[in-house]
Amino acid sequence: MPKITYVTSDGTRKDVDVENGYSVMEGAVNNNIDGIVAECGGACACATCHAYIDEAWLEKLPAMDDMEDSMLDAAFKRTANSRLTCQLEVSDELDGLVVQVAENDY
């Protein structure tokens with residue numbers, strides 16, 4: 001199972017094994033990661049699963065589609081490495097992914 005590292009706003013790091021086929025958001029919710037609110041349940045309709053992807057991983061992720069890009073416009077403090085974790089499907093290629101949880105509970 002791929003291991004995803006979630007870094008919360010207070011700097012706490014939590015390494016979590018996430019099943020292939022789940023989203024990075026589901027991995028966070030299923031493991032009680034603070035800050036991934038996921039109000040829409042993963043429908044790409046709220047931006048409350050916003051996270052900052054470690055720069056080393058950006059090129060390894062699938063391209064962002066127009067819907068995700070549009071939703072990120074509503075996210076708090078969007079940056080060049082912002083992604084919605086509900087749109088990132090976990091696979092063996094993401095083993096070791098590091099995500100910094102954004103401020104999603106505003």
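Computed from heavy atoms alone, side chains included, the values below leave out hydrogens, waters and symmetry copies. Residues: numbered from 1 along the sequence shown. Nothing here was measured: the structure is a model prediction, and the numbers come from that model.
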Taking all heavy atoms of [X] and all of [Y], pick out the closest pair and write down the distance.
| X | Y | result |
| --- | --- | --- |
| Ala47 | Leu84 | CA-CD2, 3.6 Å |
| Glu39 | Thr48 | N-OG1, 2.9 Å |
| Ser82 | Thr79 | OG-N, 2.8 Å |
| Trp57 | Asp95 | CH2-O, 3.1 Å |
| Glu103 | Phe76 | OE1-CE2, 3.5 Å |
| Ala75 | His50 | CB-ND1, 3.7 Å |

Inset, instruction - Determine, stepwise, if the pair Val99 / Asp54 fulfils side chain to side chain contact (heavy atoms under 4.5 Å, CB included). - result: CA-CA 6 Å; Val99 298; Asp54 184 275; over 6 Å; no
Decide yes or no for [X] and [Y]: does some side-chain heavy atom of the first lie under 4.5 Å from some side-chain heavy atom of the second?
| X | Y | result |
| --- | --- | --- |
| Leu94 | Leu61 | yes |
| Ile33 | Val16 | yes |
| Val24 | Leu97 | yes |

At what distance, to the nearest 0.5 angstrom, does [atom1] of [X] lie from [atom2] of [Y]?
| X | Y | atom1 | atom2 | value |
| --- | --- | --- | --- | --- |
| Asp92 | Met1 | CG | CE | 10.5 Å |
| Ile36 | Thr85 | CD1 | OG1 | 4.0 Å |
| Met71 | Met64 | CE | CE | 12.5 Å |
| Asp34 | Asp10 | CG | CG | 7.5 Å |

Legend entry - Check ion pair Glu93-Lys60 (N to O, under 4.0 angstrom):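 No, Glu93 and Lys60 are not salt-bridged.
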Legend entry - Basic-acidic side-chain contact under 4.0 Å: Lys3, Asp15: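 No salt bridge links Lys3 with Asp15.
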Without swapping roles, check the side chain of [X] against the backbone of [Y] for a donor-acceptor pair under 3.5 Å.
| X | Y | result |
| --- | --- | --- |
| Tyr6 | Gln100 | no |
| Lys14 | Asn32 | no |
| Glu26 | Ser23 | yes |
| Asn81 | Glu55 | no |

Inset, instruction - Mind running side chain to side chain contact (heavy atoms under 4.5 Å, CB included) on Arg83 and Leu88 for me, showing each step along the way? - result: CA-CA 8 Å; Arg83 291 297 299 263; Leu88 302 175; 3.5 Å; yes
Legend entry - Which residues share a salt bridge (charged side-chain N to carboxylate O under 4.0 Å, His left out) with Asp69, sequence neighbours left out: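 Asp69 satisfies salt bridge (charged side-chain N to carboxylate O under 4.0 Å, His left out) with Arg78 once adjacent residues are dropped.
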Inset, instruction - Show your working on side chain to side chain contact (heavy atoms under 4.5 Å, CB included) between Val98 and Val7 and close with a plain yes or no. - result: CA-CA 7 Å; Val98 178; Val7 183; 4.2 Å; yes
Legend entry - side chain to side chain contact (heavy atoms under 4.5 Å, CB included) between Tyr22 and Asn30, worked out: CA-CA 10 Å; Tyr22 279 67; Asn30 292 344; 3.5 Å; yes
Inset, instruction - Would you please say whether a donor-acceptor pair under 3.5 Å links the side chains of Ser91 and Asn20? - result: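 On atom types as modelled, these side chains do not qualify, holding no pair under 3.5 Å.
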Inset, instruction - Mark yes when over 12 heavy atoms from residues, nucleotides or ligands other than Asp66 sit less than 6.0 Å from its CG; otherwise mark no. - result: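 Atom CG in Asp66 is not crowded, with 12 or fewer foreign heavy atoms closer than 6.0 Å.
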Inset, instruction - Would you kindly confirm whether Ile4 and Val29 end up in one hydrophobic cluster when ILVMFWY residues are joined by side chain heavy atoms under 4.5 Å apart? - result: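 Ile4 clusters together with Val29.
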